[in-house]
Amino acid sequence: MEMKKWCYSCTAPLDMPEFKGIAENLCKFCTDEAGVLKSRNDIQIGIAEWFQSWQPDIDDAKAMKRADSFMKALPAWDQEP
């Protein structure tokens, strides 16, 4: 059974062309044009916006808090404060 590849920063599916970027373990939304990981704050804002897109009743502060908790479980951010 083949393992699915997921972005180490946000969990986007890297086997889908619309997410795949030039970095091996990061999606195109989590990296700049050179494939370098964007800042934690930039990624947290993007994840919070994604949460709000399917949970429209949560406010910005709650979405950011949920994004922070979510990110702590991901390889790109598990060592961040």
Side-chain angles (χ1 to χ4, degrees):
M1 180 162 95
E2 186 178 336
M3 294 283 291
K4 297 274 185 186
K5 289 202 63 150
W6 301 94
C7 176
Y8 282 13
S9 174
C10 74
T11 73
L14 297 177
D15 57 345
M16 297 179 70
E18 60 266 29
F19 293 103
K20 183 67 180 135
I22 62 174
E24 182 178 348
N25 295 313
L26 299 167
C27 74
K28 68 181 182 181
F29 300 105
C30 290
T31 58
D32 63 16
E33 327 53 66
V36 176
L37 183 62
K38 293 179 181 177
S39 74
R40 187 181 198 291
N41 187 61
D42 286 345
I43 303 304
Q44 185 176 0
I45 291 168
I47 291 172
E49 289 172 352
W50 174 62
F51 285 163
Q52 288 179 303
S53 74
W54 53 276
Q55 299 175 57
D57 294 335
I58 63 172
D59 62 29
D60 293 346
K62 185 177 260 186
M64 287 293 283
K65 185 174 181 177
R66 286 184 184 176
D68 178 61
S69 294
F70 177 76
M71 291 172 73
K72 288 177 182 175
L74 301 175
W77 308 114
D78 67 350
Q79 299 299 314
E80 292 290 317

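None of the values given here were measured: they were computed from a predicted structure. Both backbone and side-chain heavy atoms feed into the values below; hydrogens, waters and symmetry mates do not.
Under the rule for a side-chain hydrogen bond (donor to acceptor under 3.5 Å, both in side chains), the partners of Gln55 that lie at least two apart in sequence or sit in another chain are Arg66. Scanning for salt bridge (Lys or Arg N to Asp or Glu O under 4.0 Å) contacts around Glu24 gives Lys5, with sequence neighbours left out. Every ring-ring contact (aromatic ring centres under 6.0 Å, His included) that Phe70 has, sequence neighbours left out, goes to Phe51.
Taking CG of Asp42 as the start and CG of Leu37 as the end, the distance is 9.5 Å to the nearest 0.5 Å. Within the model, atoms CE of Met64 and CG of Asn41 stand 5.5 Å from one another, a figure rounded to the nearest 0.5 Å. Between the OG1 atom in Thr31 and the CG atom in Asn25 there is a gap of 11.5 Å [rounded to 0.5 Å].
Hydrophobic side-chain contacts under 4.5 Å tie Trp6 to no other Ile, Leu, Val, Met, Phe, Trp or Tyr residue. Counting side-chain heavy-atom gaps under 4.5 Å among Ile, Leu, Val, Met, Phe, Trp and Tyr, the cluster of Met16 also holds Phe19, Phe29.
The two residues Cys10 and Cys27 make their nearest non-hydrogen contact at SG-SG, 3.7 Å.
The side chain to side chain donor-acceptor pair (under 3.5 Å) analysis of residues 13-22, with sequence neighbours excluded, yields the pairs Lys4-Asp15.
Trp50 and Leu14 fall into different hydrophobic clusters, defined by Ile, Leu, Val, Met, Phe, Trp and Tyr side-chain heavy atoms under 4.5 Å apart, directly or through other members. Residue Ile43 is grouped with residue Trp54 when hydrophobic side chains (ILVMFWY) are merged at heavy-atom distances under 4.5 angstrom, including chains of intermediate members. Side-chain heavy atoms closer than 4.5 Å link hydrophobic residues (I, L, V, M, F, W, Y) into clusters, and following such links, possibly through other members, connects Ile58 to Met71.
With respect to the salt-bridge test (charged N to carboxylate O, under 4.0 angstrom), the residues Lys65 and Asp59 do not qualify.
A 4.5 Å side-chain heavy-atom check between Leu74 and Ser9 finds every atom pair outside the cut-off.
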